[in-house]
Amino acid sequence: MKKRIGAFVYWTPRILSIIFLLFLALMSLDVFDSASGFWQIILGLFMHNIPVFVLLVILVISWNYEIVGGIAFILAGILYAAFIIINALNTQFEWYMLAWFLQISGTAFFIGILFLIGWFRKKR
């Protein structure tokens, strides 16, 4: 039973991170909706995927060092929450901003916590 729990704690944050990064990359495909030129679309796609590239590097590092993934994903969730709050203060608050916060920051927090749990278990 302990071996199954250990495997669950090991694999769950890694698999969820991959799914989360694919979700974020999927959301960047909205640049194809505009009537822009080829190079503008490529630039827009690159700009939208910068967080995906950064989190992908963090995932590769945290594959062996869970503490990095735990701290980085929690910080990514805090950073996105700060962007949402700043955007809500500069514009009128809309309820869909709360859904964005829960989907992106909540998932990043959850993945970070799972990485920290794995790190604590490995440390013991």
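Computation of the quantities below employed the complete heavy-atom set of this structure, encompassing side-chain atoms and omitting hydrogens, waters and symmetry-equivalent molecules.
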Derivation and outcome, side chain to side chain contact (heavy atoms under 4.5 Å, CB included), residues I67 and I71: CA-CA 6 Å; I67 187 71; I71 292 171; 3.8 Å; yes
Separation of I84 CD1 from L79 CG (nearest 0.5 Å): 11.0 Å
Cluster overlap I42 with V31, hydrophobic side-chain contacts below 4.5 Å: no
Nearest-0.5 Å distance that lies between atom CD1 in I111 and atom CG in L21: 7.5 Å
Please table the atom pairs, donor to acceptor, closer than 3.5 Å between any side-chain atom in residues 47-64 and protein atoms at least two apart or in another chain.
residue : atom : partner : partner atom : Å
H48     : ND1  : G44     : O            : 2.7
N49     : OD1  : S28     : OG           : 3.1
N49     : ND2  : S28     : OG           : 3.3
N49     : ND2  : L45     : O            : 3.1
S62     : OG   : I58     : O            : 2.9
S62     : OG   : L59     : O            : 3.2

Atom pair CZ/CG of R14 and L114 - distance to nearest 0.5 Å: 10.5 Å
Shortest non-hydrogen separation from P13 to S17 and the atoms involved: O-OG, 2.6 Å
From F73 atom CZ to L116 atom CG, the distance as rounded to the nearest 0.5 Å: 11.5 Å
Hphob cluster co-occupancy, F20 + L26, side-chain heavy atoms under 4.5 angstrom: yes
Side chains of residues 93-109: which donor-acceptor partners sit under 3.5 Å, not counting sequence neighbours?
residue : atom : partner : partner atom : Å
S105    : OG   : G77     : O            : 2.9
S105    : OG   : A81     : N            : 3.4
T107    : OG1  : Q103    : O            : 2.5

M27 with F83, same ILVMFWY side-chain cluster at under 4.5 Å: no
Test log, rule side chain to side chain contact (heavy atoms under 4.5 Å, CB included), inputs K122 and Y10: CA-CA 9 Å; K122 185 190 277 188; Y10 180 81; 5.7 Å; no
Cluster link F32 to F46, ILVMFWY, side chain under 4.5 Å: yes
Distance (rounded to the nearest 0.5 Å) between I85 CD1 and N90 CG: 12.0 Å
Working for side chain to side chain contact (heavy atoms under 4.5 Å, CB included), residues L43 and W39: CA-CA 6 Å; L43 180 65; W39 292 110; over 6 Å; no
